Each structure stands twice: as C-alpha cells, then as structure tokens.
Amino acid sequence: LKTSAVARINSAADDVEALRVKLLGKKGELTALLKGMKDVAPEERKAVGAIGNDVRQTITSLLAAKKAAQDAEKLNEQLAAETIDVTLPGSTPTIGQPHVLQQIIDEIEQHFLGLGFKIIDDTVDSPEVETDEYNFERENLPKDHPARDMQDTFYITPEILLRTQTSPVQSRALEKHDFSKGPLKMIAPGKVYRRDTDDATHSHQFHQVEGMVVGENITMADLKGTLLSIMQELFGEKHQIRMRPSYFPFTEPSVEVDVSWNEVTPDMSPEDIEWIEVLGAGMTHPNVLRMDGIDPDKYSAFAFGLGPDRFAMLKYGVDDIRQFYLNDVRFLSQFERKG
Ligand code: FA5
C-alpha cells in the first residue's frame, strides 16, 4: 500500500483531498487493511500496528507536501494572470464636479469674501421654510399690500411659506449683528420658490444671492461700485452695468440692473450696447431698518438680490433654465470647473 500510495500522491493532478479520503478515510484503503488486524496473531499485532502507523504518517506528510506544492503553483499562476499590463491604454474614471449653479455661487462668494463681506450660514440663519412675517411683513409688505402679487407664493399654512426671495435673511442677519464691531456687510445665497409657470427663463425653484451693507453714510455710489465689481468679475472687465429705476417695497429708490451682454469699447455708440437685466437692488427703505431695530437717521443701507440661474444662462449661453434642474449628466458635464 505504501509504495502504491507514494506513486499515486506524486502523480496526483489536483484533488489531494479526495485522495486522502481514499487512502486514509473511514472506508479508505489503510483502514480496510487494518481491519485485518483481528486475524493477526496477538504477538505480531504490535509490529503490524507500528507498520500501519508508519504508513499513515508517511501518507499524511506526503499529502500535506503535495497540497502545499499545488497551492504554491496555483498562487503563481494567479499572480502571473493578474499582472498589470502597463502598456494597455487606461480607462478614465468618471469624476464628479460641483453643479454649474454651485460653481457660479462659489465664484460670487469668493468675490464678496475678498471685499470683506461675510456669508450667512444657510443652515442656521437662512431658512427656506419661512414665516410670512420675515418674507413679507418685515420687508415692508403688510398683508394687504398689492406688491405681494409680484411673487406668487407657496403657502404651507397662512403664516408659513416657502420663501419667495432671500430678502428675509436681511432681517435675520441684522438681528444678530453687533454694530459696535462695524458695519454689516453680508451675502446670503440660497434657494427660493415661486408659483411661476416653468418656461425657458422661469423656474418654480431657483436661486438668489442676497446682499446687504448697513452702516453710516452708505450711498447709492457704494451700491453701484459693488455691483459693478461683481459683474466685471463674472462677465469680464469690458462689460458695463446700467441701473434703471424700478420698484421694490423694501428699497427706495429701487433699481434694476442690466449688464451689457457685449463688451463695450470706447469707440462704440450707446445704441450698439446690448443690455440684459440680471438683478434687483436699491437703498433699503427706512421702514425696513426701523422694523429691524435700526435707526434710519443714523444708518443707511443698500441691498440687492441677484439670480445665479440667470447669470449661468448668460455666461454659458444656456437658452433654457430647466436644463439646470433635469440632472442630465451629458448637459452638466460640459461645465468643468476651471482652476
Ligand atoms: C427680488 O426677489 C428682490 N428680493 C430682489 C431685491 C433684493 C431687490 C434686495 C432689492 C433689494 P425679483 O423678483 O426681481 O426681486 O428677483 C430677483 C432676480 O431673481 C431676478 O433678477 C432674476 O434674476 C431672478 N428670478 C426671479 N424670478 C425667477 C424665476 N422664476 N426663475 C429664475 N430666476 C428668477
């Protein structure tokens, strides 16, 4: 048995375990042989038993060695098969990027941080679910004010609504501001909602960036300079801005701001400039300051509300605002963040 077992183990192709069962298992060949012990004369049993043990040990260690050799061979084969061929062309993994609207908002934030503005934390002081009081009343829009119709509103209860503008953040920021530490200079980016019918330039959900500066001797010139700086940052030095008289209940005077779509050069006549409206702004109404506990004789303020969705449309030539909200990767992947 020993001789034949050694030969069989050496030539075993793969299933060492099956061979072990065959040789040493309960119904195996060695067991069968040892069953014959009962016929062996008692004085020879010891010697025969020793031979049996020797055979078992030899077979066991040979099987173990064979198994180890086979495992090593398998491992080598696997390693050879898994070797990376560095000469094969690589496949580029898809890497995500911030949404194009977030990119515009980031650019606006960076610009205003550079001007010393603070950004209002939109998780704490800039709620999307607002009260009628902050969204309208504190913005000089009492319940029966006709200008409420300018912004069609999603009401949750008669007093709670989805904010139609980021302007309520003005009051929330003012409440927390300590004027002994200097003027308030803030921006507040965020989402707003209106019951507008969606079309190419209107979405029922869009973004605004509110801005406000409150301090002593703040003038319309400060407002104009601030808006000019952000427009030129986003659209380039050669673009002009134009302020047109407008109406908002919370600012007096109020303006709407156009940015020149084409670049303006000294030799151009005014008729050649193409203007596009991008935001609303003005000098904060004394009523608003008073409701926020600020003395309008001591302080003056300007505020603006700009629409990053419209900015992105202009900047990238997107002709339908709904594209921003469809989450089509083919569309969004065009706007790779630069730098
Ligand atoms: C306001 O919401 C005022 N709160 C802005 C303001 C703030 C004025 C502070 C004065 C002082 P208006 O409704 O015009 O204003 O909206 C401002 C900007 O939001 C618009 O210029 C436009 O860029 C954008 N916008 C308005 N409605 C939509 C809409 N349905 N879809 C996309 N963008 C919109």
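Nothing here was measured: the structure is a model prediction, and the numbers come from that model. Atoms within each ligand, like the ligands themselves, are counted from 1 in listed order.
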Does at least one non-hydrogen atom of Thr201 fall below 4.0 angstrom from an atom of ligand 1?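 Under 4.0 Å: yes for Thr201.
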
I'd like to know whether ligand 1 has Met212 as a neighbour, heavy-atom separation below 4.0 Å.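 Met212 does not count as a contact of ligand 1 under the 4.0 Å cut-off.
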
At under 4.0 Å between heavy atoms, which part of [X] makes contact with ligand 1: side chain, backbone, both or neither?
| X | answer |
| --- | --- |
| Gln170 | side chain |
| Val278 | backbone |
| Ser167 | side chain |

Atoms of ligand 1, numbered as shown, that sit under 4.0 Å from any heavy atom of [X]:
| X | value |
| --- | --- |
| Gly307 | 23 (O) |
| Ile321 | 31 (N), 32 (C) |
| Leu279 | 21 (O) |
| Ser203 | 29 (C), 30 (N), 31 (N) |
| Ala303 | 9 (C), 11 (C) |

[X] versus ligand 1: do any nitrogen or oxygen atoms come within less than 3.5 Å of each other?
| X | result |
| --- | --- |
| Gln208 | yes |
| His202 | no |
| Phe304 | no |
| Asp196 | yes |
| Asp309 | no |

Measure across Thr197 and His202 and return the closest heavy-atom pair with its distance rounded to 0.1 Å.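 Residues Thr197 and His202, closest heavy atoms: O-CB, 3.8 Å.
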
Would you check, one step at a time, whether the test side-chain contact (heavy atoms from CB on, under 4.5 Å) holds for Val255 with Phe248? CA-CA 8 Å; Val255 291; Phe248 296 103; over 6 Å; no

For [atom], what's the nearest protein heavy-atom neighbour? Residue, atom name and distance, please.
| atom | result |
| --- | --- |
| atom 33 (N) of ligand 1 | Phe206 CD1, 3.3 Å |
| atom 15 (O) of ligand 1 | Phe248 CE2, 3.4 Å |
| atom 22 (C) of ligand 1 | Arg310 NH1, 3.4 Å |
| atom 9 (C) of ligand 1 | Glu210 OE2, 3.3 Å |

Mutual orientation of the aromatic rings belonging to Tyr325 and His207 [parallel < 30°, tilted 30-60°, perpendicular > 60°]: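 Judged by the thresholds at 30° and 60°, the geometry between Tyr325 and His207 is parallel.
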
Give the ring-plane orientation class for Phe136 versus Tyr155, where under 30° counts as parallel, over 60° as perpendicular and anything between as tilted.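 Judged by the thresholds at 30° and 60°, the geometry between Phe136 and Tyr155 is tilted.
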
Closer than 4.0 angstrom, basic N to acidic O: yes or no for Glu137 and Lys143?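 Salt bridge between Glu137 and Lys143, a charged N being under 4.0 Å from a carboxylate O: yes.
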
Look only at the side chain of Gln240 and the backbone of Ser260, and say whether a donor-acceptor pair between them is shorter than 3.5 Å.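 No, because the side chain of Gln240 does not come within donor-acceptor range (under 3.5 Å) of the backbone of Ser260.
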
For His204, does its backbone N or O pair with a side-chain atom of Arg195 as donor and acceptor, under 3.5 Å?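 Judged by distance alone, no pair lies under 3.5 Å.
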
Distance (rounded to the nearest 0.5 Å) between Gln334 CD and Tyr316 OH: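 So the gap between those two atoms works out to 11.0 Å.
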
Nearest 0.5 Å, what's the CE-OG1 distance between Met212 and Thr226?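 The distance works out to 13.0 Å.
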
For atom 13 (O) of ligand 1, tell me which residue out of Gln165, Glu277, Arg194 has the closest non-hydrogen atom.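 It is Arg194 whose heavy atom sits nearest to atom 13 (O) of ligand 1.
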
Ring centres under 6.0 angstrom apart (Phe112, Phe304):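 Yes, ring centres under 6.0 Å apart.
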
So among Leu161, Ile156, Thr157, which one has a side chain to side chain contact (heavy atoms under 4.5 Å, CB included) with Glu159?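 Per the side chain to side chain contact (heavy atoms under 4.5 Å, CB included) rule, the option paired with Glu159 is Thr157, out of Leu161, Ile156, Thr157.
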
Side-chain contact, heavy-atom cut-off 4.5 Å: Leu75 with Asp71?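 SC-SC contact between Leu75 and Asp71 ruled out.
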
